[in-house]
Amino acid sequence: MSKYIKLIIFILILGLVSAAILYMDSSVDNMNKLMPEISKGIVNGDKDYNDAVELVNNKNYANSMNKAISAGNNYNNSLNKLHILKNNFTSDVNQVHKDYINNAILELELKLKAVDKLKESIESFKVNANYTGSQYGFEANDYMNQSMKYKDVMDSLVSKNPKLFKQNFII
């Protein structure tokens, strides 16, 4: 092979490697891209959940159930995206980011349990099983309170490691 052909092959391989590097996203880049969507889903889920609680307190059970379902859908969408991120971690993800994602997953799992209990509460109130409805409501509230512990851990991770988190990364 002539030196000219070797040079062309080298340049082509170098070009392909460079192109691959440019088109490859790191896990951190993927996290930064998805976190605004995940955060929006959680915020919307929280709003729908709170609206559902207010509506059930006003005995508007049909609209309350719709809001509870919407809260669950928002939480599930965010949880699914978090699982995608977690399943695609690469070596560029540090332990702080892993802890943050894991805590966000745990927070959402508890919020989904709260939504399920809220739905059971609504169904109970609809048939005038007020004691049972209240019990489910207390359980829903307890799950939401437990979820706040994970949110506090996430906030602590951000405050202790501000350089690791872009503004759009934070939930």
Salt bridge between Lys40 and Glu37, side-chain N to carboxylate O under 4.0 Å?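 Result for this pair is no, no salt bridge flagged.
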Given a cutoff of under 4.5 Å between side-chain heavy atoms of I, L, V, M, F, W and Y, with clusters grown through shared members, what are the other residues clustered with Tyr131?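 Noted: Tyr131 shares its cluster with no other residue.
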Donor-acceptor pair, side chain of Ser159 and main chain of Ser156, under 3.5 angstrom: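 Looks like yes, one N/O pair under 3.5 Å.
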Applying side chain to side chain contact (heavy atoms under 4.5 Å, CB included) to Lys81 and Met35, what does each step give before you reach the verdict? CA-CA 9 Å; Lys81 289 175 183 162; Met35 290 314 274; over 6 Å; no
State which residues pass salt bridge (Lys or Arg N to Asp or Glu O under 4.0 Å) with [X]; sequence neighbours excluded, sorted by chain then number.
X	result
Asp46	Lys111
Asp51	Lys47, Lys67
Lys86	none

Please check if any side-chain donor atom of Asp142 sits under 3.5 Å from a side-chain acceptor atom of Gln146, or the reverse.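 There is such a pair (donor and acceptor under 3.5 Å, judged by atom type) between the side chains of Asp142 and Gln146.
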Around Lys113, counting heavy atoms of other residues, nucleotides and ligands shown, do more than 12 lie under 6.0 Å from its NZ?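 No.
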Qualifying salt bridge (Lys or Arg N to Asp or Glu O under 4.0 Å) pairs, either residue in residues 53-65, two or more places apart: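 Qualifying pairs, neighbours excluded: none.
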Not counting sequence neighbours, list each pair that qualifies as a salt bridge (Lys or Arg N to Asp or Glu O under 4.0 Å) and has a residue in residues 94-106.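 Of all non-adjacent pairs touching residues 94-106, none passes salt bridge (Lys or Arg N to Asp or Glu O under 4.0 Å).
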Rounded to the nearest 0.5 Å, what's the gap from NZ on Lys160 to CG on Asp155? Could you check?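 Here the rounded value is 11.5 Å.
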Start with the C-alpha distance between Glu120 and Tyr136, add both sets of side-chain angles, then the distance that settles side-chain hydrogen bond (donor to acceptor under 3.5 Å, both in side chains), and finish with yes or no. CA-CA 6 Å; Glu120 291 180 55; Tyr136 285 132; 3.2 Å; yes
